[in-house]
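Right, one structure below, let's go through it.
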Amino acid sequence: MLAQVVEFLPERDAEILAAIPAAPGVFLLRGGAGSEPYAAKTANLRRRLTRLLGPAEERSTRLNLRERARTIEYTATGSDFESGLLLYRVLRQIFPQTYRARLRLRFAPLVRLNLDNPWPRAFLTRRLSLRGRSVYYGPFPSRATAEKFLNDSLDLYKMRRCDFDLNPDPAFPGCIYSEMKMCLAPCFKGCTDAEYVAEVRRVQEYLDTCGRSLESELAAEREKASAALEFEAASALHARLEKAQAAAAQAPELVRRLDRLHGVIVQRSAEPHSVALFRVEAGVIGAPIAFAVEPRQGKPVSMEARLAEALATVSAAQETSALERMEHLALLKHWYYRSSRVGEIFLTDERDELPMRRLVRGVSRVYRGERATDFTAENAESAEKPLATDEHG
C-alpha cells in the first residue's frame, strides 16, 4: 500500500535515513516475526524516522525502535489531508479490529428521514444503513448544530416528532405538538394517510433542496397575496419566509443528501508542479489524482478541458459498506470543519455538474499556496473537538 520499502540496518542508519525525503508522508515500521508494526503520519519523514531509528539517548523516555525495526515503508504526500486518508487506509488493513480506536474516529452527526416507517419521521443519528428507503443528510459539524437545524426546520412543517411506534387511535390524547397545531397528529387520526404522506414529501423536498423548495413556495404565495392586496397575509408569509431562510442557512454547504454528496477536493501534491484531486462520490473519498498545473509542450489546451479529462479517467466508485462510508464521512467532516482548513472542495450542483470555472480558480489558488475558505469562527466554536491523529513529528 505504501510506495517505498527500505530494509533498515542500524549500522547503515545515516545513509538510509539521508535517502528518505524531508517531506510530509505516512510510514510503517515492521519488525521481526510476532512484533507489532508501527504506523503514523508526519510532517517530515526524515526527521521523524531519525528520532525513531537513530541512536537512543541515555536516560531518555522517547520511543526508539532502532533495535526492533527491520523494514521501513513510506509514501511521501503533499498535504495533511492526504496523509490522514492514507494513514486510515494503512491502519484499516493492518489493524482491522482496532484501527478506529487508534485513529479516534468519531462518526459524523446525520439527519435521517425514516421512510420505512408507515408514519415517517426525521431524527438525528450517527449510524448509516444502506438497507431500506431511509434518506440521510449531512455531515454536520456537531450534534448541537444538527439538532438546531432539524428542530428549526421541522417547526416549518407538521410532520410528527414522537419516537414511539404509532398505533393510530382516536382515543389517544396526543401530545403538545398536536395541541399547538404543529403536527398533523396521525397518532389519533387527526389526518388521513394521504395528507400525512404529502407532508412528508414536502419535508423531503425541503431537505433535498437545502430549503429552496419552501422558499420558492412561500415567495410565490407572498407575491400572490400582495397582488390580491391581502397585505396582512403577505406580511405573515414574509415573516414565515424569513424564518425558513434562517433555518436553512444553519446547514453548512457540505450538508447534502448523502447519495448526492459529490464533488472534488483539491490539495497540494507531492508531485512537482501539480495538485492532488480527490473525487468524492456519495461521501466516499477516492484515491488522489496528480494533476499537472503546468501543461506539457504541444497543442495548447485550456485548464478547464484538462481538468475535465483528468476527472473523466477516474473509475466509478466501488461498492462500499455502510461502515466504510461512515468512516469516510468522519474523515471528511474532520477536515472540512477545521478552523485551519487547508485545501478546497467543490461540490456538484442540482444537475450533478461540477462548477468547472470555480474549480480552475481553486486549483490555481491551492497550487500557489493561497487559502480561500468561508469557514467562520462561529462554526469553529460549534464544531466538535477535532479528530485526534498521530504525532506530526
Side-chain angles (χ1 to χ4, degrees), residues 109-140 146-225 233 236-237 239-241 243-251 255-261 282-283 322 350-352:
L110 307 170
V111 168
R112 177 182 179 182
L113 182 60
N114 184 9
L115 299 177
D116 295 312
N117 193 291
W119 293 273
R121 68 185 185 95
F123 55 91
L124 300 185
T125 183
R126 290 184 186 270
R127 298 288 174 176
L128 180 66
S129 174
L130 301 182
R131 299 177 180 177
R133 300 185 299 120
S134 290
V135 184
Y136 296 83
Y137 304 87
F140 288 86
E147 190 168 26
K148 182 75 165 57
F149 165 77
L150 181 59
N151 286 337
D152 289 355
S153 298
L154 292 181
D155 283 347
L156 303 167
Y157 294 94
K158 295 184 178 182
M159 189 172 70
R160 77 182 183 104
R161 306 191 198 189
C162 48
D163 58 3
F164 53 86
D165 292 332
L166 294 189
N167 184 20
D169 183 353
F172 189 76
C175 66
I176 189 163
Y177 287 106
S178 60
E179 291 180 10
M180 294 166 48
K181 307 300 181 184
M182 295 177 66
C183 177
L184 291 178
C187 55
F188 58 77
K189 297 189 177 181
C191 64
T192 65
D193 291 351
E195 288 172 337
Y196 191 77
V197 168
E199 189 69 359
V200 170
R201 189 177 297 115
R202 291 181 65 230
V203 172
Q204 183 174 351
E205 289 175 357
Y206 170 90
L207 295 172
D208 284 353
T209 62
C210 302
R212 291 189 298 273
S213 63
L214 182 59
E215 291 176 23
S216 299
E217 178 184 322
L218 293 174
E221 291 180 11
R222 182 188 60 184
E223 296 305 318
K224 184 178 180 180
L237 287 166
R240 186 172 171 80
L241 175 59
K243 186 177 179 181
Q245 290 171 335
Q250 296 178 56
V255 171
R256 300 284 180 95
R257 177 168 160 165
L258 290 190
D259 58 355
R260 300 176 186 173
L261 181 52
E350 59 276 2
R351 294 172 295 181
D352 200 26

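The shown structure was predicted, so the numbers you read here are calculated from the model rather than taken from an experiment.
The two atoms that bring L110 and P139 nearest to each other are CD2-CA, 4.0 Å, heavy atoms only. The two atoms that bring A248 and E215 nearest to each other are CB-OE2, 4.0 Å, heavy atoms only. Contact detail for P168 and P186: the closest heavy-atom pair is CB-O, 3.3 Å. Contact between Y206 and A244 at its shortest, heavy atoms only, is OH-O, 4.2 Å. Between T125 and R127 the shortest heavy-atom distance is OG1-N, 3.0 Å. Scanning both residues, S129 and A322, for their nearest heavy atoms gives CA-CB, 4.4 Å.
Atom CZ of R133 sits about 9.0 Å away from atom CG of N114, to the nearest 0.5 Å. Interatomic distance, CE of M180 versus SG of C175, reported as 9.5 Å (0.5 Å rounding). To the nearest 0.5 Å, the span separating CG on L258 from CG on L130 amounts to 10.0 Å. Note: K243 NZ to D152 CG = 7.5 Å, rounded to the nearest 0.5 Å. To the nearest 0.5 Å, the span separating CD on E221 from OG on S216 amounts to 11.5 Å. A distance of 8.0 Å separates OG in S213 from CZ in R202, rounded to the nearest 0.5 Å.
Counting heavy atoms from C-beta on, the side chains of L124 and F149 never come closer than 4.5 Å. Looking at L156 and R240, their side chains come closer than 4.5 Å, going by heavy atoms from C-beta outward. The side-chain heavy atoms of D193 and P118, taken from C-beta on, include no pair separated by under 4.5 Å. W119 is not listed as a side-chain neighbour of M159, based on a closest heavy-atom distance of 4.5 Å or more. By the 4.5 Å heavy-atom criterion applied to side chains, F140 and V111 are counted as neighbours. Residues L184 and R160 are not in side-chain contact: their nearest non-hydrogen atoms beyond the backbone lie 4.5 Å or more apart. You'll find the side chain of L166 stays beyond 4.5 Å of the side chain of N117, heavy atoms only. In this structure the side chain of L128 reaches within 4.5 angstrom of the side chain of Y136, judged on heavy atoms.
Other residues, nucleotides and ligands contribute over 12 non-hydrogen atoms within 6.0 Å of the CG atom of D116.
A search for ring-ring contact (aromatic ring centres under 6.0 Å, His included) contacts involving Y137 returns nothing, not counting sequence neighbours.
In this structure, D155 pairs ionically with R161, as a charged nitrogen and a carboxylate oxygen lie closer than 4.0 Å.
A distance-only check finds no donor-acceptor pair linking the side chain of R260 to the backbone of R257 [under 3.5 Å].
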Check against side-chain contact (heavy atoms from CB on, under 4.5 Å), D163 and R121: CA-CA 8 Å; D163 58 3; R121 68 185 185 95; 3.6 Å; yes

